[in-house]
Structures are given as C-alpha cells and as structure tokens.
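Worksheet: the structure to be examined is printed underneath.
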Amino acid sequence: MPSDRERIEALLKRAEEISGESKRTDYKMPIILPFIPAILAVIAMILMLFGFFYYFPRPGHIYYAASIYQDIPPNGVVIYPFREIGYGILLIALLMYFYIVYKWIKRRNDHFARTLSFYENIAEAADILKFKRAYSIKSRFNELKEVNSKTKSAIANAILIIVPFYIYYVFHFLNKDFYKHSEKEKLLLSELFDEIKEKIPSFTRRAEEFAIVPDRSTFLYIILYLISSGLFGIYWVYTLTNDPNKHFESHELIEKELITALREISSKQ
C-alpha cells in the first residue's frame with residue numbers, strides 16, 4: 001500500500017499534468033479575432049454597393065464580362081464581379097462569426113472541466129496532508145463543482161445565434177458563468193493560501209491577486225448597445241474576449257505556485 005507521501009506525490013503529479021493541459025483548454029483568444037467578421041462585413045457591403053451602382057444600366061453602352069483576352073469597344077463597359085466578391089466575403093464573415101461564438105463557449109466548457117479536475121486532486125492532497133481547513137477546502141470545491149456542472153453545447157448555441165436576440169443570451173451566460181466560476185475559485189484559493197502561509201511563511205501569493213471576471217449587467221449593456229446604435233457592442237465583445245483571457249493568465253501563475261507549495265509541505269512531513 002503506498003505511503004501518504006507517495007499518494008500526495010501522485011496527486012500533485014496528476015495536477016501538474018492537468019495544469020499542462022491549459023495550453024489546449026484555456027484558449028486566449030486574440031482581441032482582434034472577434035472583430036474580423038464585422039470588418040469583413042463592412043468590406044462586403046462596400047463592394048456590393050459599388051457593384052450595384054457600377055452595374056446600373058447606361059443607355060447606349062454594351063456590357064462585357066471582365067477578361068484580358070477581349071477587346072472592349074469605346075461604348076463598352078467592363079463588368080467586374082464586385083457583388084459576387086462581396087457576397088463571398090459576407091459568407092466568410094458569417095462563418096467566422098459562428099466559429100468565434102463556438103470558440104467562446106468551447107473554451108468555457110474546457111476550462112471549467114480542467115479546473116475541476118485540477119482542484120479535485122489539490123483538495124484530496126490537502127486532506128491527506130491533514131490541513132486544518134481540509135473540510136472547508138472540500139466544501140469550497142463542491143461549491144465550485146456545482147457552479148461548473150452545466151455544460152453548454154458550443155455547436156448548438158453557435159447555430160442558434162441565427163434566432164433573433166439569441167446572441168444576447170449567449171453573451172449573458174458567457175459573462176455570468178465565468179463570474180460565478182471565478183468567484184468560487186477565489187474562495188477555494190483563499191482557504192488554500194491561508195493554510196499554506198501558516199506552514200510556509202515565505203509564501204506570498206494572495207487570493208486577491210487572482211483575476212476575477214467582472215459581473216457585468218446584461219440588461220444595462222443591451223440598453224447601451226441600443227442607444228449607441230450598436231457602437232457599444234465593440235466594448236461588449238472586447239470584454240467577452242479579454243475577461244476570460246486575463247483569468248486564464250492568472251491560472252498559469254497560481255497553479256504552478258500551488259503545486260510547488262504543497263510539494264514543499266509534503267517533504268517536511
């Protein structure tokens with residue numbers, strides 16, 4: 001039967017492996033990416049409008065498809081496929097929009113699942129180490145588990161944004177779920193850090209340094225979006241991308257320090 005130290009080391013090694021999976025699960029989306037569909041849509045609209053006016057019939061003119069192998073007479077007008085190119089770009093923009101919503105939701109699901117596995121190993125290690133706060137740590141973990149228990153279908157929700165106003169619901173749960181998740185994480189980390197500081201006085205990490213996703217009012221943001229004729233949507237999309245990015249960056253530092261501290265405590269027992 002393995003000793004307590006061997007069990008702890010196995011748990012911490014597994015926690016390290018799970019932490020290493022963050023490169024796959026904690027996708028830090030480039031800030032510019034969610035704005036590319038809108039930029040492409042504007043380009044597409046300009047091309048389609050230009051094509052409409054360019055194709056407007058002119059008396060006495062003959063229209064020819066664009067070709068380098070054809071001599072165009074003086075009264076001829078070369079037809080360039082502006083509208084067709086515009087439609088193609090618009091289709092690309094729409095597909096990218098679906099993809100971005102899919103990635104927003106998928107990284108939510110992947111991050112929640114990974115952190116649950118990570119903290120499960122950490123909480124079990126704390127129990128074997130006989131932490132005074134072991135029960136509180138387990139309780140905080142169960143609270144986090146309850147918050148993270150519901151998985152949102154990335155594919156289904158990405159498709160459903162074609163339904164009018166459904167995108168507001170997606171924006172709503174993306175913020176609220178990350179907010180609740182990060183709040184419960186902070187409470188769990190607070191218990192862990194307090195216990196570690198008692199055993200390792202040099203440990204300086206504080207739960208307050210952990211990046212909490214702000215609780216943003218969906219109703220207020222919809223109002224601001226409407227009265228600004230959609231311009232506020234730029235900031236809204238920015239927050240949906242950047243808030244989780246900061247949260248993921250915070251994880252990278254804290255997870256490594258947490259494992260190192262628990263390993264040091266285990267070596268002294």
Side-chain angles (χ1 to χ4, degrees), residues 26-54 82-112 147 150-186 210-251:
D26 298 7
Y27 172 57
K28 290 189 281 290
M29 183 178 288
I31 297 298
I32 189 62
L33 182 60
F35 299 103
I36 291 177
I39 295 170
L40 290 176
V42 170
I43 294 172
M45 292 301 295
I46 291 171
L47 285 171
M48 287 188 287
L49 284 172
F50 186 78
F52 173 78
F53 289 110
Y54 188 81
F82 294 116
R83 287 185 296 189
E84 290 76 7
I85 294 173
Y87 288 134
I89 293 174
L90 195 61
L91 178 61
I92 293 171
L94 183 62
L95 292 175
M96 279 197 69
Y97 183 47
F98 285 125
Y99 172 76
I100 288 162
V101 173
Y102 167 81
K103 289 295 287 184
W104 272 338
I105 300 169
K106 186 177 185 302
R107 71 174 182 170
R108 168 208 177 274
N109 296 339
D110 291 347
H111 175 72
F112 287 5
V147 167
K150 294 182 179 178
T151 300
K152 299 286 197 302
S153 172
I155 295 176
N157 280 284
I159 293 172
L160 283 171
I161 61 173
I162 62 174
V163 177
F165 310 116
Y166 189 83
I167 190 63
Y168 295 134
Y169 168 69
V170 173
F171 283 11
H172 172 77
F173 76 68
L174 281 172
N175 172 251
K176 298 302 179 186
D177 289 357
F178 265 112
Y179 164 69
K180 293 173 184 176
H181 162 81
S182 58
E183 275 287 331
K184 295 300 182 184
E185 267 192 294
K186 183 179 178 181
F210 185 66
I212 301 292
V213 173
D215 184 14
R216 304 183 186 277
S217 171
T218 306
F219 178 75
L220 175 62
Y221 275 33
I222 290 174
I223 297 299
L224 292 172
Y225 177 84
L226 295 175
I227 63 177
S228 66
S229 300
L231 290 176
F232 187 79
I234 296 172
Y235 177 72
W236 199 354
V237 168
Y238 169 80
T239 64
L240 290 170
T241 305
N242 194 52
D243 287 348
N245 282 357
K246 286 185 175 180
H247 179 69
F248 298 156
E249 289 171 2
S250 179
H251 264 276

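- For N175 (side chain) and S217 (main-chain N/O), no donor-acceptor pair under 3.5 Å exists by modelled atom type.
- In this structure, the side chains of L240 and M29 stay at 4.5 Å or more apart for every pair of heavy atoms.
- When each of W236, Y168, F171, Y238 is paired with Y221, the ring pair (Phe, Tyr, Trp, His ring centres under 6.0 Å) condition holds for W236 and for no other.
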In residues 87-102, what donor-acceptor pairs under 3.5 Å come from side-chain atoms, sequence neighbours left out?
none

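- P244 places none of its side-chain heavy atoms less than 4.5 Å from the side chain of R108.
- Sorted by first and then second residue, the pairs that involve residues 153-164 and meet side-chain hydrogen bond (donor to acceptor under 3.5 Å, both in side chains), not counting sequence neighbours, are N157-Y166.
- Across all their heavy atoms, H111 and D26 have their closest contact at ND1-OD1, 3.0 Å.
- A donor-acceptor pair under 3.5 Å links the side-chain atoms of K176 to the main chain of R216, judged by distance alone.
- Put simply, the side chain of L49 does not reach to within 4.5 Å of the side chain of I46, judged on heavy atoms.
- Residues T218 and H172 approach most closely at OG1-ND1, 2.7 Å, considering heavy atoms.
- Partners of K246 by salt bridge (charged side-chain N to carboxylate O under 4.0 Å, His left out), not counting sequence neighbours: none found.
- Between W104 and F173, the distance separating the two ring centers is not shorter than 6.0 angstrom.
- For the pair D243/L174, no side-chain contact is recorded, criterion being any heavy-atom separation below 4.5 Å from C-beta on.
- Contact of the D177 side chain with the K152 side chain is registered, since non-hydrogen atoms from C-beta on lie closer than 4.5 Å.
- What you find for T241 and P34 is that their closest heavy atoms are OG1-CG, 3.2 Å.
- Nearest heavy atom pair, residue A211 against residue S182, reads O-CB, 4.3 Å.
- Interatomic distance, CZ of F178 versus CD1 of I212, reported as 12.5 Å (0.5 Å rounding).
- R107 has its side chain within reach of F248: a pair of non-hydrogen atoms, C-beta onward, lies under 4.5 Å apart.
- With contacts defined as side-chain heavy-atom distances shorter than 4.5 Å, the pair D215/E183 does not qualify.
- When all heavy atoms of S228 and Y225 are compared, the closest pair comes out as OG-O, 3.2 Å.
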